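Model, not experiment: these values are computed from the prediction. Chain A is the first sequence line, chain B the second, and so forth, proteins listed ahead of strands; every chain is numbered from 1. All values below come from the heavy atoms of this structure, side chains included, with hydrogens, waters and symmetry mates left out.
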Amino acid sequence: MRILQLHSNFIVFKPVEKEINIAEEAEKQETRVEEVVVLFTAIEEGDNSAMAQKAINDVRAFLGKLKANRILIYPFAHLSSNLSQPSEALKIIKDMEAYAKEKGIETYRAPFGWNKQFTISIKGHPLAEQARSYAPAPAASEAQAPCEAKKEEEPVSAALKAEDKMQSFWHVIQSDGSLVPIEEFKFKGHTNLQKFSQYEIKKARAVTQMPPHVLLMKRLEIADYEPGSDPGNIRWYPKGRMIKSLLEQYVTARVAAYGGMEVETPLMYDFNHPSLKSYLNRFPARQYVLKSEDKELFLRFAACFGQFLMAHDAQFSYKQMPIKLYELTRYSFRREKSGEVVGLKRLRAFTMPDCHAFCTDLEQAKKEFMIRFDLCIDVLSNIGLVKDDYEIAMRFTKDFYAEHKEFITELSKKFGKPILAEVWNERFFYFALKWDLNFIDNQDKAAALSTDQIDVENAKRYEITFVDEKGEKQYPLILHCSPSGAIERDIYALLEKAYREQMAGKAPMLPLWLSPTQVRLIPISDKFLDKMEELSKQITSHCIRVDIDDSASTLQKKIREAEQEWVPYIIVVGEKEIESGMLSVRVRELKGQQQNMTTEQLIAKVAEKIAGKPYKPLPLPLYLSKRPQFHG
RNA sequence: GCCUUCGUAGCCUAGUCCGGUGGGGCGUUACCUUGGUAAGGUAAUGGUCGCGGGUCCAAAUCCCGCCGAAGGCUCCA
């Protein structure tokens, strides 16, 4: 679409004769419009109504600057050598006109398909003359294949449009599996579910505070924004990298134990690959796009692509199923709109464990779904997020519920708390059933962590088949599961949870296995440093992270700083301890209460609490005096 | 992306409305202090006032554009 925009004192035009047979009806008389922004407009191959709206929105922004509110849409074919079919062009022109009127712009239009004579007087100011052109999005132009040309809107936005039109009905699933309309549900005792419901349905919030986890992630030197990158691409300091890495290792180990086969797939894919193209069309255009020579690539926004392409080429039969492929994507990329990117909660580059299970039929899928439901809840609780911290939403169609009520009942019984249900009349997405588990933060906002879904479309789209008992090819059902959700988001949830506990009067902390320093040794004086080092070696040999504060500050200040770093065990060591062998341990989870114990008792206590979790050594130098400060 | 608010040293912040030599705290460094469970003392160091343009004799301050953040809208596959 090309538009020549002229801020005019006036324009006079007169239709002379029809140029094409589908020209609109018009009278051959002069029209004069004063003080108007004239839009000479050419509609090109591949243009669509979304683009028409975009163009009008741009014009609107412009009108604001010019303090004008009158436009004339003037069809003007001469701006382009790549015109669309006249019928299509007329439709889009009309869309522009309708949309502009809807937006309250005083809109005039010159007739389409006529040879017209005109006189125009253009204002002299710098903004008076503007030319703009709108090219279709790459996927959209591809999809404008002849057979699809009659489609009303660009395929890329099909999913979005569907969402606009889609009606959902909100219910609560009680533990007996019955559905109660949300208006009738008594939320007493379920305040988080109520907050979550309101977040999902009304989207009603009013907060002016900075998200607590953003301040914490900086202050604790976990992560920070990186101004040198795109928003939502995060910088991880040593402590943060360690935390993130431990979570990655933990989730990966759990999925491996469940039977997921870890694979690795490319970060970028060809826009024009046939399977990918139609999958992309199911989603809003939110990709990072990059050009490499004459190829157009996009960065993956999930692990689906690589795993599906792999499954497409794999040979398997019902005997091997369910087959589970797993990848921890570092990273998945989604170009979320700038206003949506927040701290560690919503990123443009994030780390997502993604496990797909290929199942023979719905029975097998349901069975697998149940196993993974348990897995997800257990993984989260080991990460440090328990059932009180989140709520579940389940989404399905009316028909699915009717047919599989027992199954849904079983899931809700397992969860043991009421579940928010979104019920659709028809299926809009590629899944038949989906649940997501949502953390509710200090601003009463929800963020999805774990999720699983039964995908009934993509096997066909990617031509993924298995051989059944009769030797015939069949399409499997595909389950998509992220047992923990994005790793960054887990950290967000842990920080928000810690903040909440602080507000409730507790000492905020991370789970022990994720604490960068688990034990801090504070010598009373430099002369004990040698002893400290011995002690630290003894503790470290049990895979416990210990460090030594050898800085020049006072004892009290060192304790204060250790507390501010959320160190779980702080040990002051002087003459007394070295002589008696009894350590005086300040225990954070007991609000700083001091306990006397031997080194062995301390080691046993810590080891017990971190049993079964992955270990990484201290991410920073042993001595605090050797550490740089990453954040003021 | 849109609307609103904000951006002052590594960090927190005063000053901006009403233009006229940018002030404090934390940190860092040095010296003193060698301390028994949440901030010891003194001094030094540190600023293209987010970036670019404009108005003005003069801009952190007023105007325009851009970048970044927060909140709201929208969105979250």
Side-chain angles (χ1 to χ4, degrees), chain A residues 54 57-58 60-61 64-65 126-127 158-160 162-164 166 199-200 203-211 214-215 218-219 221 224-232 279-287 301-302 304 332 334-343 345-348 350 393 395 428-431 434 436 438 443 445-448 451 453 455 457-458 480 485-486 489 507 520 522-529 551-565 567 570-577 584-588 591-594 628-632:
Chain A
K54 165 100 175 77
N57 284 335
D58 288 351
R60 253 177 98 208
K65 279 182 221 157
L127 294 175
L160 269 186
E163 261 179 275
D164 281 348
M166 162 177 92
Y199 182 84
E200 283 287 316
K203 320 270 182 185
R205 331 131 217 182
V207 197
T208 46
Q209 187 196 4
M210 181 107 145
V214 175
L215 296 167
K218 294 181 184 203
R219 195 177 63 67
E221 296 195 324
D224 208 339
Y225 296 120
E226 176 49 76
S229 182
D230 201 35
Y279 186 57
L280 285 170
N281 289 346
R282 287 295 256 157
F283 297 101
R286 288 275 175 86
Q287 302 85 23
F301 46 83
C304 303
S332 284
R334 295 184 195 181
R335 236 188 50 90
E336 305 291 5
K337 287 189 267 173
S338 57
E340 297 163 356
V341 176
V342 183
K345 181 186 174 200
R346 194 106 187 260
L347 298 168
R348 283 185 172 176
F350 55 94
R395 303 162 206 267
F428 286 95
F429 301 114
Y430 57 74
F431 51 83
K434 173 187 175 182
D436 43 89
N438 293 268
Q443 300 178 319
K445 295 189 182 186
T451 179
Q453 36 186 269
D455 175 348
E457 268 185 18
N458 281 306
H480 301 236
R489 208 172 253 193
R520 162 127 340 138
I522 302 180
I524 298 270
S525 143
D526 291 352
K527 58 185 179 227
F528 303 116
L529 275 178
S551 64
S553 337
T554 57
L555 174 67
Q556 294 192 24
K557 185 147 184 180
K558 290 179 186 184
I559 288 167
R560 177 181 154 84
E561 281 172 356
E563 295 285 7
Q564 285 182 326
E565 268 186 67
V567 174
I570 301 167
I571 305 175
V572 175
V573 184
E575 207 112 19
K576 265 194 311 200
E577 288 75 19
S584 161
V585 182
R586 202 178 150 106
V587 183
R588 186 167 183 81
K591 291 192 78 174
Q593 198 188 101
Q594 286 171 55
Q629 196 179 317
F630 289 101
H631 184 267

I'd like the [atom1] distance from [M] over to [N], given in whole Å.
N	M	atom1	value
B/A38	B/G23	P	36 Å
B/G50	B/C11	P	13 Å
B/A60	B/A9	P	14 Å
B/G7	B/U61	C1'	14 Å
B/C49	B/U8	C1'	4 Å
B/G54	B/G19	C1'	15 Å
B/G65	B/U74	P	26 Å
B/G36	B/A43	P	26 Å

Is any side-chain nitrogen or oxygen of [X] closer than 4.0 Å to OP1 or OP2 of [N]?
X	N	result
A/Y225	B/C67	no
A/Q443	B/G71	yes
A/R586	B/A38	yes
A/K558	B/G40	no

Would you check if the side chain of [X] reaches a backbone N or O of [Y] as a donor-acceptor pair within less than 3.5 Å?
X	Y	result
A/Y225	A/G232	no
A/R219	A/Q564	yes
A/R348	A/R335	no
A/R489	A/K345	yes
A/R588	A/V567	no

Contact summary for A/A446 and A/N438, nearest pair of heavy atoms: CB-CB, 4.2 Å

For [N], the Watson-Crick or wobble partner whose two distances fall under 3.5 Å:
N	value
B/C2	B/G72
B/G36	none
B/U55	none
B/U28	B/A44
B/A14	none

Upstream residue (5' side of RNA chain B) when A/R489 and A/D526 are each assigned their closest nucleotide: A/D526

Residue closer to the 5' end of RNA chain B, A/G232 versus A/S338 (nearest nucleotide): A/S338

Assign [X] to base, sugar-phosphate, or nothing according to its heavy-atom contacts below 4.0 angstrom with the strands shown.
X	result
A/Q556	sugar-phosphate
A/Q629	sugar-phosphate
A/G485	nothing
A/K434	sugar-phosphate
A/F630	nothing
A/R219	nothing

May I have the distance from [X] (atom [atom1]) to [N] (atom [atom2]), rounded to whole angstrom?
X	N	atom1	atom2	answer
A/I559	B/A39	CD1	P	9 Å
A/K445	B/U74	NZ	P	12 Å
A/F301	B/C75	CZ	C1'	15 Å
A/K591	B/A38	NZ	P	14 Å
A/Q594	B/A38	CD	P	8 Å
A/Q593	B/U37	CD	P	16 Å
A/F528	B/U34	CZ	P	14 Å
A/K576	B/U37	NZ	P	8 Å

Counting heavy atoms from C-beta on, name the nucleotide in [options] closest to the side chain of [X].
X	options	result
A/K557	B/U34, B/U37, B/A39	B/A39
A/E575	B/G36, B/A39, B/U34	B/G36
A/H631	B/C11, B/G1, B/A70	B/C11
A/P231	B/G68, B/A38, B/A70	B/G68
A/R346	B/G1, B/G36, B/C76	B/C76

Trace of the side chain to side chain contact (heavy atoms under 4.5 Å, CB included) decision for A/Q629 with A/E221: CA-CA 9 Å; A/Q629 196 179 317; A/E221 296 195 324; 4.2 Å; yes

Gap separating the CZ atom of A/R560 from the OG atom of A/S553, nearest 0.5 angstrom: 11.5 Å

Side-chain donor/acceptor contact of A/T554 with base of B/U33 under 3.5 Å: no

